[in-house]
Amino acid sequence: MSDYAHPEVLVSIDWLKQNLDKPGVRIVEVDVDPKLYAAGHIPGAVGFDWTTQLQDQVNRDILSKEGFEALLRKAGIKNSDTVVIYGDASNWFAAYGFWLFKIYGHKEVRLLNGGRAAWLNAPGAPLTPDVKPVTPSDYKVSKVDTSLRAFAPDVLGASKTKKEALVDVRSPDEYTGKVIAPPGMSETAQRGGHVPGATSIPWSTAVNTETGYFKSPDELRSIYLEQKKLDPKKATIAYCRIGERSSHTWFVLTYLLGFPKVRNYDGSWTEYGNLIGAPIEKP
Amino acid sequence: MDHSARVYDDITEMLPNEENPSPLVRLHRLVPQNGSELWAKLEWLNPFGSVKDRAAWEMVRDLEERGELGPGHPGRGLVEPTSGNTGISLAALAAVRGYPMRAVVPSKVPEEKKVLLRVLGADVDVVKDALCPLPGSEDGTIGLAKTYAKAQGHKYAMPNQYENRHNVDAHIRTTGPEIWRQTGGRVSHVFTSLGTCGTVTGLATFLKAKKPSVKVVAVQPSAGHDVPGLRNVSELDVSKLFDPALIDEILEVDFELAYVRARDLARAEGLLAGPSSGLIFEGARRVAERAPVECGVLIFCDNVFKYTSNMLKHLPELAVES
């Protein structure tokens, strides 16, 4: 069996168990449900709340460079640290955290394959409610990689020129416009449907529903390349509703399948579906 | 203890068993008039108000017998993922025994149940229901409860009704023998719903051993339903107690009918049955319409008091103008 394009970005439960106390390894938990961290987390892990800590609290935007620096300084994370991120729902929001770390140029970032559920169910994998005191660091962002992020004009251009592929990772009902958002979501849009030309590949296609682990390299290739006909050489933009599910697919395409240029459109449907005059396809 | 005088030393003595069964009440007006006999087993008359009293009691006693709860672990209590009824039964038992209790419930659970849990002194965590399918994450409530049990084991033991065989054994030990005795062995059909599957698996195991011809019919709400505590077969992967080989038929009923039939049962039979009972009744009625049911027993899990807000949501004509 062949390997992922960049297997080094994934760590296993066993690797993490053996490296829990290793200097230079820091663990970050990012969950859909922030209650989980407080109930119990991997010893030494710091918890980031995606709604209050990973987004700008005034403007609709990702956390600013200064905000990111302040967050990591307070968490005692150093520029040289290897950061292992994990979370619930098969690393759904952990992947969003990974994307943010990469935008702000952190060199060594990993995802725990299987995420929080795999750790929770692994024998001998400890959890604690205790938050370990940390010494603040002098974290500094030296470069911001904006090439990982797509904006509305990029998406409109991609849809029109077809020079970049578009992947809609929302549920089939959101893609077809049967619903505008999953039930109970407060963030929504004026219109339902999808960006013309976008291919529907729900984000969770990439994970094994039984275990939460990423599917094997061969399975991923079969789905994304053979069945869905994505071109690995073509620049690609992934989007969802608010940009978190699509960061999961951004991770899969970039690191597991090795697409050279993938961008996450974090404005996603809550921006696009509200834009005056934006063309929408609705079967 | 004297069940005839109904004088008890503490509330746990009222828990049901063959000598002290929950009542079996015959349905009349709503039953197809073809010789069918349908009997409702009124589980809300158990001391804490639902069929879950049985599993909760069995699971707590098991934890106590194994020394996981009690004098060996001062201050240790219970944590459980629940859509309400198991939590209420466990919280009441925890109250009697002096254990702390934490219930992890999905946000869809009706307000009445959340308040009841608080009335019983439980800490309650509300977990947002799946925003989207969450593969590999288990049910959100199960993940959070397991986290408490693993990270704070000194504070919490987790019965885990989705995996605990005592949830099944409770029905082999109590509900099954009760039905056998109450029907004098005439029982021909059992109608129940699917949740943790403790009831269906336990009842089928006991009754089919006694009488292989007993038909076990599970009634499930249509997909996307809003009937707390029940699961559609597509959602059953969370329960390790589901054994399809024991079930003769799975009937799917439009979930809105759960509320309509709960209302009908109150108006035509004087039974204050909850929506899951309404759904089970509709399934039994359909089976009886196809061919006479000799002696069908319907497990009516709980009463309607905990669902007044849901009843109002689904049957707006119930609103009283002030």
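Letters go in sequence order (proteins before strands), and every chain restarts at 1.
- Taking each heavy atom of B/L144 and A/A39 in turn, the nearest pair found is CD1-CB, 3.6 Å.
- The candidate with the highest count of non-hydrogen atom pairs below 4.5 Å against chain B, out of A/A38, A/G40, A/P202, A/P129, is A/P129.
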- Hey, mind stepping through B/K146 and A/N121 against side chain to side chain contact (heavy atoms under 4.5 Å, CB included) and telling me if it holds? CA-CA 9 Å; B/K146 271 192 180 173; A/N121 291 313; 3.0 Å; yes

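- There is no contact between A/R170 and chain B, counting heavy-atom distances below 4.5 Å.
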- Message: Would A/R116 and B/T147 count as a side chain to side chain contact (heavy atoms under 4.5 Å, CB included) here? Give the steps.
- Response: CA-CA 10 Å; A/R116 154 176 257 287; B/T147 299; 2.7 Å; yes

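- Residue A/K22 qualifies as open at atom NZ: its count of foreign heavy atoms under 6.0 Å is 12 or below.
- Between the OH atom in B/Y148 and the CG atom in A/L127 there is a gap of 13.0 Å [rounded to 0.5 Å].
- Summarising the local packing, CD of A/Q57 is surrounded by more than 12 heavy atoms from other residues, nucleotides or ligands at distances under 6.0 Å.
- Heavy-atom pairs under 4.5 Å with chain B were tallied for A/A125, A/P126, A/A181; the largest tally goes to A/A125.
- Counting heavy-atom neighbours within 6.0 Å of A/R60 CZ, excluding the residue itself, gives a total above 12.
- Residue B/V104: no heavy atom, backbone or side chain, is found under 4.5 Å from chain A.
- For A/K35 against B/D125, the heavy-atom pair with the smallest separation is CD-OD1, 3.8 Å.
- Within a 6.0 Å sphere centred on CZ of B/R165, heavy atoms belonging to other residues, nucleotides or ligands number 12 at most.
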